[in-house]
Amino acid sequence: MRCPYCGSEDSQVKDSRPAEDGAAIRRRRICPDCGGRFTTFERVQLREIFVVKRSGRRVPFDREKLSRSVDVALRKRPIQPERVERLVSGLVRQLESNGEPDVPSSVIGESVMEALKGLDPVAYVRFASVYRSFREAADFQEVLGEIAGGNNVTAAEADPPAPHASKPADGKH
Ligand SMILES: [Zn+2]
């Protein structure tokens, strides 16, 4: 495994242990060249999944990208990392088992919202407001990349909860 810090082709496994209820192997690695430490996961991949963007472009599904967008929504929330891992694994398993090799990006967005709703209401609102405000204008996978690298979530935090999009925004009753 290539070192993410210095790009050295060599790294040594210091520790391997089961993770995610045995669904993955977690390996702690160290780079002999720069001393950098990092973690890798080995997981079963049942099928190859492709995301079909709004533009019709088809790209390989990226678990890390999904994981990052969930992390952003959960930033500073008191949720254990293991529960987050399980949520992401559950989403991926869901995608793998739905039978279709091609999954529209909108389906992934809706699945993430559903999963977050059950885990943490604040994260759900953050994700939903970012996702809903971007879905018309931009492709979901591109938005994921943007929110993973930027600070768009701050603006989303100010938004009120909107569990039903069909409800008109007529203020307080
Ligand atoms: Zn290195």
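One-based numbering along the sequence shown. Just follow the structure's listing: the first ligand is 1, and inside any ligand the first atom is 1.
- At a cut-off of 2.8 Å, measuring from the Zn ion (ligand 1), the protein N, O or S atoms that fall short of it are C3 SG, C6 SG, C31 SG, C34 SG, waters left aside.
- Among residue pairs with one or both ends in residues 33-43, those qualifying as salt bridge (Lys or Arg N to Asp or Glu O under 4.0 Å) are E20-R43, R27-E42, R43-E85; sequence neighbours excluded.
- With hydrogens and angles disregarded, a donor-acceptor distance shorter than 3.5 Å links the side chain of S11 to the backbone of M1.
- The two residues Y5 and G36 come nearest to each other via the heavy atoms CD1-CA, 3.7 Å.
- Side-chain contact, S106 with R54: no donor N or O sits under 3.5 Å from an acceptor N or O.
- To the nearest 0.5 Å, the span separating CG on D71 from CG on L66 amounts to 9.5 Å.
- Minimum heavy-atom separation, S105 to K53: OG-CA, 3.9 Å.
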